[in-house]
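Note that the structure is a prediction, hence the values are computed from the model and not measured. In what follows, chains are A, B, ... by sequence order, proteins preceding strands, each numbered from 1.
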Number of protein chains: 2
Amino acid sequence: MAHKPRSEMIAETRAKLVAAAREAFGTVGYADASMDDFTAEAGLTRGALYHHFGSKKGLLEAVITQIDAEMNERLRVVTESADNLWQGFVDENIAYIEMALEPEIQRIMLRDGPAVLGDPAQWDNACACVQSLTGSLARLKAKGVVADIDVEAAARMVSGASLYAAQWIANSSDPEATSKKAVKTFKTMLEGLRAR
Amino acid sequence: MAHKPRSEMIAETRAKLVAAAREAFGTVGYADASMDDFTAEAGLTRGALYHHFGSKKGLLEAVITQIDAEMNERLRVVTESADNLWQGFVDENIAYIEMALEPEIQRIMLRDGPAVLGDPAQWDNACACVQSLTGSLARLKAKGVVADIDVEAAARMVSGASLYAAQWIANSSDPEATSKKAVKTFKTMLEGLRAR
DNA sequence: AGGGATACATACGCAGCGTATGTGAAATGG
DNA sequence: CCATTTCACATACGCTGCGTATGTATCCCT
């Protein structure tokens with residue numbers, strides 16, 4: 001096989017590192033993930049990691065950016081395929097909860113990410129999911145569907161509620177039943193945002 | 001000064017370790033807190049730490065238990081001094097947000113705690129704050145003030161919303177203004193829980 | 001073709017953790 | 001009141017994992 005152009009090789013290396021780190025961070029967690037181990041897993045060494053990402057923390061940022069983009073895309077699809085704006089907003093939130101049930105997302109986005117990089121609200125990509133929620137709320141507000149509230153504040157609180165609900169569900173002894181209770185309650189709470 | 005009984009000395013040692021660790025965890029964070037450093041700060045060594053708490057993680061648990069108890073007590077006072085149940089519930093939540101503005105609580109309870117010990121909902125002391133909220137909601141539900149919802153689910157979501165709101169406020173460029181927006185929105189959301 | 005530039009590997013030193021072991025003072029029993 | 005045991009810590013050691021400094025091979029440019 002002939003040699004690929006250098007830029008392509010680099011992209012491949014970065015992708016391999018991100019993938020290996022994502023796997024490690026998502027399973028054993030950031031703190032217990034040995035850089036020597038998961039770089040070897042990718043057929044590389046820590047040298048490559050430091051060259052491309054500067055530090056373990058830098059690599060975590062890259063992993064988070066990737067996951068965040070995926071989450072955002074999944075949310076976009078859900079929101080756009082709803083019949084009306086309000087239903088789309090509700091669906092989006094439910095989808096958000098469902099994503100937060102995945103162990104990888106819980107571990108990396110909800111626990112290790114905040115611990116290592118600080119408040120998610122301050123991340124560069126700004127956890128695009130919240131931006132997505134904010135956008136949905138802004139449209140709803142413009143149409144008079146929701147009350148006169150600060151949309152960013154509402155988006156953050158709603159996402160906070162979603163994430164806590166998801167963790168509660170995921171770690172409960174009976175996730176099915178817990179999920180039912182949580183979704184019902186969540187919808188009730190969202191009703192509080194509607195214009196009266 | 002005469003010698004105190006042994007049990008008293010032990011309690012003192014434990015308290016000194018917890019205090020030193022709390023200071024370190026709350027400022028530099030759990031991961032960057034050197035056991036050698038903060039035990040020395042307490043006039044002790046890691047030997048004492050391992051003897052009493054088994055591990056760094058064990059000490060974190062002790063610190064969290066202490067902070068949790070303090071938070072719970074603060075919430076209790078607020079709730080009990082309100083005119084009526086609903087107002088007490090609202091006040092309790094606002095107080096919850098205000099506590100979550102404190103850097104030490106953000107760092108230890110909201111970021112490092114979950115990263116190291118896992119989902120707060122599964123902690124032994126179960127983050128007594130949520131239990132407190134659950135209790136308040138249960139009383140409100142019994143009196144028909146809030147809608148027919150699962151009180152535990154609601155308590156978790158409300159606390160999630162509070163905590164995210166608090167982090168958002170604390171890290172914003174204009175905490176005063178952000179706080180105003182957040183509290184207003186928060187109250188609106190809580191209204192969604194009231195019986196109609 | 002040759003001389004940078006760069007993508008990675010290798011090598012080294014150091015900090016921090018966990019354990020195994022030591023020690024001195026307090027409790028206990030006669 | 002003395003001997004023994006217990007226990008609350010301190011000390012010592014080895015290991016793992018991180019960050020940096022340095023080496024090397026490959027690609028790009030002229």
Side-chain angles (χ1 to χ4, degrees), chain A residues 1-63 107-108 112-113 115-117, chain B residues 1-63 107-108 112-113 115-117:
Chain A
M1 120 181 154
H3 287 227
K4 296 175 184 174
R6 170 170 268 209
S7 63
E8 205 168 313
M9 298 295 292
I10 295 173
E12 230 171 74
T13 297
R14 292 179 60 100
K16 276 194 285 189
L17 283 173
V18 169
R22 179 171 172 170
E23 162 71 18
F25 293 165
T27 50
V28 300
Y30 177 84
D32 288 341
S34 157
M35 296 165 79
D36 281 325
D37 286 356
F38 69 72
T39 51
E41 203 86 25
L44 296 159
T45 69
R46 272 182 318 148
L49 192 161
Y50 277 99
H51 184 73
H52 287 293
F53 300 97
S55 66
K56 194 180 184 183
K57 192 191 282 194
L59 182 51
L60 176 62
E61 284 178 27
V63 169
R107 181 87 234 194
I108 300 178
D112 288 343
V116 177
L117 304 177
Chain B
M1 129 183 144
H3 287 226
K4 297 174 182 175
R6 173 170 266 214
S7 62
E8 203 168 315
M9 297 296 290
I10 294 173
E12 228 171 77
T13 297
R14 292 180 61 101
K16 276 195 285 187
L17 284 173
V18 169
R22 179 171 172 170
E23 162 70 18
F25 294 165
T27 51
V28 300
Y30 178 84
D32 288 341
S34 157
M35 296 165 78
D36 282 325
D37 286 356
F38 69 72
T39 51
E41 205 85 24
L44 296 159
T45 68
R46 273 181 318 149
L49 193 163
Y50 277 97
H51 183 74
H52 287 293
F53 300 97
S55 66
K56 194 180 182 182
K57 193 192 281 196
L59 182 50
L60 176 62
E61 283 177 28
V63 169
R107 180 88 234 194
I108 300 179
D112 288 344
V116 177
L117 304 177

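- In this view, Asp37(B) satisfies the side-chain hydrogen bond (donor to acceptor under 3.5 Å, both in side chains) rule with no residue, not counting sequence neighbours.
- We find that CG of Asp36(A) is positioned 7 Å from P of dG17(D), with the value rounded to whole Å.
- Rounding to the nearest 0.5 Å gives a distance of 9.0 Å between CG of Leu59(B) and CZ of Arg14(B).
- With rounding to whole Å, Phe38(B) atom CZ is found 12 Å from dG16(C) atom P.
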Just distance, no hydrogens or angles: give the donor-acceptor pairs under 3.5 Å from side chains in residues 23-30 of chain B, sequence neighbours left out.
unit_1, atom_1, unit_2, atom_2, d
Thr27(B), OG1, Glu23(B), O, 2.8
Thr27(B), OG1, Ala24(B), O, 3.2
Tyr30(B), OH, Lys57(B), N, 3.3

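- Taking every heavy atom of residues 20-31 of chain B and every atom of DNA chain C, no pair lies under 4.0 Å.
- Counting all heavy atoms, side chain and backbone alike, Leu60(B) lies closest to Asp112(B) at CD2-O, 4.5 Å.
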Identify the pairs formed between an N or O of the protein and an N or O of nucleotides 7-14 of chain C at a distance under 3.5 Å, and give each distance.
unit_1, atom_1, unit_2, atom_2, d
dA7(C), OP2, His51(A), NE2, 2.5
dC8(C), OP1, Thr13(A), OG1, 2.6
dC8(C), OP2, His52(A), NE2, 2.2
dA9(C), OP2, Thr45(A), N, 2.9
dA9(C), OP2, Thr45(A), OG1, 2.6
dA9(C), O5', Thr45(A), OG1, 3.4

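- By the side-chain hydrogen bond (donor to acceptor under 3.5 Å, both in side chains) test, Arg22(A) is found to be paired with Gln66(A), Glu70(A), Glu104(A), residues two or more places apart in sequence or in another chain being considered.
- Separating the CG atom of Asp32(A) from the P atom of dT16(D) is a distance of 15 Å, rounded to the nearest angstrom.
- Across Val63(A) and Val18(A), no two heavy atoms sit closer than the pair CG2-O, 3.7 Å.
- Between Lys56(B) atom NZ and dT19(C) atom P the separation is 15 Å, expressed in whole Å.
- Nucleic acid contact for Ala40(A): none, since no nucleic acid atom lies under 4.0 Å from a heavy atom of the residue.
- Partners of Arg46(A) by side-chain hydrogen bond (donor to acceptor under 3.5 Å, both in side chains), not counting sequence neighbours, listed by chain and number: Asp36(A).
- Looking only at side-chain heavy atoms (C-beta outward), Val116(A) and Lys56(A) stay at 4.5 Å or farther from each other.
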